[in-house]
Chemist: 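Got a structure for you, written out below as structure tokens; questions coming shortly.
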There are 2 protein chains.
Amino acid sequence: MSPRIGMDKQIIVTAAVEIADAEGLESVTLARVAEKLGVRSPSLYNHINGLQELRMQLTLLALNRLHAAMAAAAEGNPGEEALRRISQAYVNFARMQPGLYEAVLRSPDPAEDRVGEAAGTIVRLVQQQMAFFGLNGDASLHAVRGFRSMLHGFAELERAGGFGLPLDLDTTLELMIEAFCRGLAAYKRT
Amino acid sequence: MSPRIGMDKQIIVTAAVEIADAEGLESVTLARVAEKLGVRSPSLYNHINGLQELRMQLTLLALNRLHAAMAAAAEGNPGEEALRRISQAYVNFARMQPGLYEAVLRSPDPAEDRVGEAAGTIVRLVQQQMAFFGLNGDASLHAVRGFRSMLHGFAELERAGGFGLPLDLDTTLELMIEAFCRGLAAYKRT
DNA sequence: ATCCTAAAACTAATATCATTAGTTTTGGCG
DNA sequence: CGCCAAAACTAATGATATTAGTTTTAGGAT
């Protein structure tokens with residue numbers, strides 16, 4: 001029932017992640033993955049339904065790992081310290097796995113349920129932290145959106161080489177987080 | 001000296017922008033542009049040096065138009081009001097020209113001089129505004145980076161459908177800008 | 001032990017790209 | 001009116017994804 005074992009969807013996705021992190025998400029092609037695994041590209045179709053599904057798997061994996069990293073960082077640190085650690089975890093993830101991070105916002109179909117669910121767990125994680133700042137309901141959702149915008153923008157600009165000048169990036173991040181936390185009071189009116 | 005006039009680099013780039021905005025940056029292929037212009041794709045090589053150069057032109061055009069929109073918004077409105085208007089102009093640009101906006105951070109070579117120059121004009125524009133908040137030198141650069149991160153993250157999340165829930169996006173943006181302005185004081189220590 | 005079968009690999013083929021080489025067309029200038 | 005260079009074209013090559021159809025093989029059944 002299982003000729004030539006060893007190959008399955010997970011192994012394919014793992015190879016794709018390695019290629020993405022080493023060469024960029026654009027370099028993740030079925031041909032490249034097949035080469036890395038020592039098979040011909042049509043063989044991959046026995047385990048995964050084409051490039052679209054592979055890219056969807058990358059997005060879901062990215063969201064899950066990102067959530068795990070953020071959740072671990074939030075553990076036992078309420079309030080501003082949690083936001084600092086979550087931010088650090090977020091940016092570290094993007095730095096350590098730049099190709100996988102790219103996949104976060106580049107799924108073949110952003111409207112798919114599985115993507116929304118995975119993203120939702122991240123939103124709720126951050127939303128819980130906002131409660132420590134006295135934000136609830138719509139206000140906390142707006143705050144989460146602001147927080148995500150800030151972190152994603154920073155991560156993406158850093159990844160894409162958008163910060164040209166030789167000025168310490170960690171300092172930029174720390175100051176941005178501090179400014180955001182100070183400004184959080186602005187959301188209370190909502 | 002000019003058989004079959006009418007075609008030149010600018011016309012090609014314009015067609016590419018229309019395709020990008022209507023179908024996404026990924027749909028900008030030489031084949032698609034040639035089809036839109038009613039020629040065969042090799043003909044484009046008489047005017048532009050391949051897909052790479054076309055994509056570079058898109059990035060440069062995007063940066064220039066973005067800068068123009070931001071500069072117009074800053075006109076005659078110093079301080080926080082300027083930041084609000086600049087933010088609005090930035091996000092509007094990304095909304096009106098989503099495909100072109102995508103090109104801002106997806107040049108074939110982010111390290112190229114022309115990209116750095118175009119991005120630099122935007123940085124300096126925002127940096128001037130930071131002076132009204134009493135920020136100079138490194139502090140103002142960190143602040144500009146934070147501002148860009150915020151705006152790019154918001155624009156990108158909105159474009160890619162990253163904001164799932166049905167909660168007003170303009171409100172999210174307004175609150176985020178207000179929070180950032182309030183938090184700007186945090187940069188003064190630097 | 002051998003056989004059978006279904007999974008998993010393969011080859012072959014089609015279609016879409018980018019790109020290069022070489023050919024043809026054409027419009028303005030002498 | 002013909003020349004010629006620019007700009008279009010066709011043809012060809014080499015990636016890529018994907019489908020169809022064939023071969024291989026591992027492990028359970030006999």
Side-chain angles (χ1 to χ4, degrees), chain A residues 1-61 99 102-103 106-110 112, chain B residues 1-61 99 102-103 106-110 112:
Chain A
M1 262 205 205
S2 58
R4 261 164 292 193
I5 42 174
M7 168 89 52
D8 66 357
K9 187 185 287 192
Q10 199 210 302
I11 286 180
I12 292 172
V13 172
T14 300
V17 170
E18 288 172 12
I19 293 167
D21 286 336
E23 307 165 26
L25 187 61
E26 287 190 11
S27 297
V28 175
T29 64
L30 291 185
R32 182 77 189 76
V33 171
E35 182 195 37
K36 190 179 179 79
L37 293 175
V39 299
R40 303 310 184 94
S41 52
S43 305
L44 300 177
Y45 284 81
N46 285 311
H47 308 283
I48 202 161
N49 196 8
L51 184 60
Q52 295 261 304
E53 187 186 338
L54 178 55
R55 306 226 292 144
M56 177 59 77
Q57 293 298 320
L58 287 181
T59 293
L60 296 175
L61 179 63
E102 276 187 83
R106 297 216 205 139
S107 71
D109 179 12
E112 225 200 82
Chain B
M1 260 204 207
S2 57
R4 261 165 292 195
I5 40 174
M7 168 90 50
D8 66 356
K9 186 184 286 192
Q10 198 210 304
I11 285 180
I12 292 172
V13 172
T14 300
V17 170
E18 288 171 13
I19 293 167
D21 287 336
E23 306 166 26
L25 187 61
E26 286 191 11
S27 297
V28 175
T29 63
L30 290 185
R32 182 77 189 77
V33 171
E35 182 196 38
K36 190 179 179 80
L37 293 175
V39 299
R40 303 309 184 96
S41 52
S43 304
L44 300 176
Y45 284 81
N46 285 312
H47 307 283
I48 202 161
N49 197 7
L51 184 60
Q52 296 259 306
E53 186 185 339
L54 178 55
R55 305 227 293 144
M56 179 58 77
Q57 293 298 321
L58 287 181
T59 293
L60 296 174
L61 179 63
E102 276 186 83
R106 298 217 204 136
S107 70
D109 179 12
E112 225 199 83

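Small disclaimer: the values here were computed from a predicted structure and weren't measured. Reminder, nothing fancy here: chain letters follow the sequence lines and each chain counts from 1.
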Chemist: Is there a side-chain contact between B:Thr29 and B:Leu51, using heavy atoms and a 4.5 Å cut-off?
Modeler: no
Chemist: For B:Arg55 and C:dC17, give me the distance from atom CZ to atom P, rounded to whole Å.
Modeler: 15 Å
Chemist: Is it the case that the side chain of B:Glu102 and the backbone of B:Leu25 share a donor-acceptor pair, with hydrogens and angles ignored and the cut-off at 3.5 Å?
Modeler: yes
Chemist: Under the criterion side chain to side chain contact (heavy atoms under 4.5 Å, CB included), I'd like the reasoning laid out for B:Leu60 against B:Met56: C-alpha separation, chi angles, the key distance, then a yes or no.
Modeler: CA-CA 6 Å; B:Leu60 296 174; B:Met56 179 58 77; 4.2 Å; yes
Chemist: How long is the line joining CG of A:Leu54 and P of D:dA17, in whole Å?
Modeler: 10 Å
Chemist: Looking at CD1 of B:Ile19 and OG of B:Ser27, how far apart are the two atoms once the value is rounded to the nearest 0.5 Å?
Modeler: 8.5 Å
Chemist: Among residues 18-51 of chain B, which residues get a heavy atom nearer than 4.0 Å to DNA chain C?
Modeler: B:Thr29, B:Leu30, B:Ala31, B:Ser41, B:Pro42, B:Tyr45, B:Gly50, B:Leu51
Chemist: Does the side chain of A:Lys36 come within less than 4.5 Å of A:Arg32's, by heavy atoms?
Modeler: yes
